[in-house]
Amino acid sequence: MLKGFRDFMMRGNVVDMAVGVVIGAAFTAVVTGFVSAFLTPLVGVVVGAAGDFGSYKATIAGVTFPYGQFLNVLIAFLMTAAVLYFCVVLPVTKATARYMPKKPKTPKRPCPECLTEIPEAARRCSACTAHVEPLAAPAAR
């Protein structure tokens with residue numbers, strides 16, 4: 001029983017996932033700290049609220065709605081999403097496109113029976129299994 005558990009825990013994907021969760025939590029703390037220390041006060045300067053909307057409330061029929069807390073959370077979310085997109089997602093996407101070029105696509109043609117796209121060198125359609133004549137000769141081995 002313990003051997004199976006040990007084998008499960010030592011599989012690469014479990015360890016990789018655990019490392020990813022820990023790194024993600026640390027990165028979340030960094031981004032949250034950046035947003036709360038620098039960006040939220042800037043919004044406060046722009047709108048004149050000193051970066052904290054927590055005291056904003058509305059009272060309707062004797063019930064208090066602290067909408068300022070929601071505004072704080074909403075602004076923090078939007079800023080966090082923007083920081084992640086512009087500082088992580090966009091650079092990683094550009095680096096991936098630059099350093100890991102895509103494989104060239106094989107030429108395709110429609111299957112004469114079902115019109116599914118199949119490779120030109122195919123002899124049988126993968127969708128309807130119809131026999132088709134290849135347009136291009138297969139590469140010599």
Side-chain angles (χ1 to χ4, degrees), residues 1-130 132-141:
M1 182 169 96
L2 291 177
K3 182 182 180 306
F5 180 71
R6 183 194 67 201
D7 292 343
F8 169 74
M9 291 304 294
M10 295 310 292
R11 284 195 303 194
N13 56 357
V14 173
V15 174
D16 291 344
M17 185 178 66
V19 169
V21 168
V22 171
I23 294 294
F27 188 72
T28 300
V30 170
V31 171
T32 302
F34 176 74
V35 167
S36 64
F38 295 105
L39 298 181
T40 304
L42 284 176
V43 170
V45 168
V46 170
V47 298
D52 184 18
F53 300 97
S55 61
Y56 289 23
K57 299 175 185 174
T59 304
I60 301 172
V63 179
T64 302
F65 295 91
Y67 68 91
Q69 294 173 357
F70 175 73
L71 287 176
N72 280 340
V73 172
L74 180 65
I75 291 169
F77 170 76
L78 292 174
M79 287 185 189
T80 302
V83 166
L84 285 175
Y85 179 76
F86 290 111
C87 296
V88 177
V89 173
L90 201 58
V92 167
T93 302
K94 287 186 178 186
T96 302
R98 182 174 183 177
Y99 297 114
M100 299 179 126
K102 294 180 182 175
K103 296 178 184 175
K105 292 186 177 181
T106 59
K108 304 259 184 193
R109 67 179 171 137
C111 169
E113 295 292 323
C114 68
L115 301 178
T116 302
E117 290 285 318
I118 60 173
E120 285 184 355
R123 295 182 188 196
R124 190 171 293 275
C125 176
S126 62
C128 69
T129 68
V132 294
E133 293 298 322
L135 293 180
R141 293 183 190 181

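Because the structure is a prediction, the values reported are computed rather than measured. Each residue takes its place number in the sequence, starting with 1.
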Mind listing the closest non-hydrogen atom pair of [X] and [Y] along with its distance?
X	Y	result
Glu113	Ala130	CG-CB, 3.4 Å
Glu117	Lys108	OE1-CB, 3.1 Å
Cys111	Val132	SG-CG1, 4.4 Å

Atom pair CZ (Phe70) and OH (Tyr56), whose distance is rounded to the nearest 0.5 Å |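 Going from the CZ atom of Phe70 to the OH atom of Tyr56 covers 15.5 Å.
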When you look at [atom1] of [X], are more than 12 heavy atoms from neighbouring residues, nucleotides or ligands closer to it than 6.0 Å?
X	atom1	answer
Phe38	CZ	no
Lys57	NZ	no
Phe65	CZ	yes

Among Pro110, Cys125, Cys128, which one satisfies side-chain contact (heavy atoms from CB on, under 4.5 Å) with Ile118?
->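 Of the listed options, the one satisfying the test is Cys125.
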Name every donor-acceptor pair, under 3.5 Å, that has one atom in a side chain of residues 88-98 and the other anywhere in the protein, sequence neighbours excluded.
residue	atom	partner	partner atom	Å
Thr93	OG1	Val89	O	2.7
Thr96	OG1	Val92	O	2.7

